[in-house]
Asker: 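Following this message is one structure expressed as structure tokens.
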Amino acid sequence: MKILVINGPNLNMLGIREPAIYGNQNYAALTAYVEEVCAEHNAECEIFQSNHEGSIVDRIQQAYFDKVDGIVINPAAYTHTSVAILDALKAVSIPAVEVHLSKVSERESFRQISYAGMACVKTYAGYGFEGYKKAVEYLIENVKA
Ligand code: DQA
């Protein structure tokens with residue numbers, strides 16, 4: 001089982017950015033946590049972070065050629081704006097699970113639309129780091145490698 005975890009803009013600033021919303025743990029702690037979850041399940045995992053929309057589109061396209069089995073994606077702010085990321089997820093037809101650290105449904109109105117989510121089989125929002133664990137486990141349980 002090969003899983004690609006994609007994190008969008010400003011997630012590299014975890015621990016510094018708005019700790020009341022995103023917590024005190026930094027991005028390295030998040031990647032270590034996700035790697036540990038994947039290792040526990042003997043899943044191969046690659047974690048990618050970018051602040052650039054096109055780089056995220058490129059990485060999703062590359063996943064097709066790399067024969068990735070499942071994608072976990074937190075597109076961050078691009079969730080609410082990016083038709084390009086939605087189209088990339090649709091283009092590759094790789095099962096994808098959307099994750100948000102915060103409970104976006106209880107936040108500002110501009111966060112209420114998720115374009116990427118329209119191409120995802122499941123969404124976990126508001127569980128902090130644990131949302132990534134839920135997403136990885138969902139893919140492991142539901143996707144045939
Ligand atoms: C986020 C929620 C988004 O609305 C926001 O732009 C982010 C992070 C989350 O993980 O809660 O950058 O995706």
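Read the numbers this way: they start at 1 and go in the same order the structure lists the ligands and their atoms.
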Asker: Please enumerate all residues that pass side-chain hydrogen bond (donor to acceptor under 3.5 Å, both in side chains) together with Y27, with sequence neighbours excluded.
Answerer: N7
Asker: Can I get a per-line list of side-chain donor-acceptor pairs under 3.5 Å for residues 35-49, giving both atom names and the distance, sequence neighbours left out?
Answerer:
{"from": "H41", "atom 1": "NE2", "to": "E137", "atom 2": "OE2", "distance (Å)": "2.9"}
{"from": "E46", "atom 1": "OE1", "to": "R59", "atom 2": "NH2", "distance (Å)": "3.1"}
{"from": "E46", "atom 1": "OE2", "to": "R59", "atom 2": "NH2", "distance (Å)": "3.0"}
{"from": "Q49", "atom 1": "NE2", "to": "G8", "atom 2": "O", "distance (Å)": "3.1"}
{"from": "Q49", "atom 1": "NE2", "to": "N12", "atom 2": "OD1", "distance (Å)": "3.4"}
{"from": "Q49", "atom 1": "NE2", "to": "N51", "atom 2": "OD1", "distance (Å)": "3.0"}

Asker: Nearest 0.5 Å please: distance from the NZ atom of K90 over to the CD1 atom of I60.
Answerer: 13.0 Å
Asker: State which residues pass salt bridge (Lys or Arg N to Asp or Glu O under 4.0 Å) with E108; sequence neighbours excluded, sorted by chain then number.
Answerer: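 Residues passing salt bridge (Lys or Arg N to Asp or Glu O under 4.0 Å) with E108: R111.
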Asker: Drop me the distance from T31's OG1 to F129's CZ, to the nearest 0.5 angstrom.
Answerer: 8.5 Å
Asker: Pair R17, L11 - check side chain to side chain contact (heavy atoms under 4.5 Å, CB included), show working.
Answerer: CA-CA 8 Å; R17 73 179 294 210; L11 288 168; 3.8 Å; yes
Asker: Go ahead and list the nitrogen or oxygen contacts between ligand 1 and the protein that come in under 3.5 Å, distances to 0.1 Å, or just say none.
Answerer:
{"from": "ligand 1", "atom 1": "4 (O)", "to": "H80", "atom 2": "NE2", "distance (Å)": "2.7"}
{"from": "ligand 1", "atom 1": "4 (O)", "to": "R111", "atom 2": "NH1", "distance (Å)": "2.9"}
{"from": "ligand 1", "atom 1": "6 (O)", "to": "A77", "atom 2": "N", "distance (Å)": "3.2"}
{"from": "ligand 1", "atom 1": "6 (O)", "to": "R111", "atom 2": "NH1", "distance (Å)": "3.0"}
{"from": "ligand 1", "atom 1": "10 (O)", "to": "N74", "atom 2": "ND2", "distance (Å)": "2.8"}
{"from": "ligand 1", "atom 1": "10 (O)", "to": "L101", "atom 2": "N", "distance (Å)": "2.7"}
{"from": "ligand 1", "atom 1": "11 (O)", "to": "L101", "atom 2": "N", "distance (Å)": "3.2"}
{"from": "ligand 1", "atom 1": "11 (O)", "to": "S102", "atom 2": "N", "distance (Å)": "2.8"}
{"from": "ligand 1", "atom 1": "11 (O)", "to": "S102", "atom 2": "OG", "distance (Å)": "2.6"}
{"from": "ligand 1", "atom 1": "12 (O)", "to": "R17", "atom 2": "NH1", "distance (Å)": "3.1"}
{"from": "ligand 1", "atom 1": "12 (O)", "to": "R17", "atom 2": "NH2", "distance (Å)": "3.1"}
{"from": "ligand 1", "atom 1": "13 (O)", "to": "N74", "atom 2": "OD1", "distance (Å)": "2.8"}
{"from": "ligand 1", "atom 1": "13 (O)", "to": "H100", "atom 2": "ND1", "distance (Å)": "2.8"}

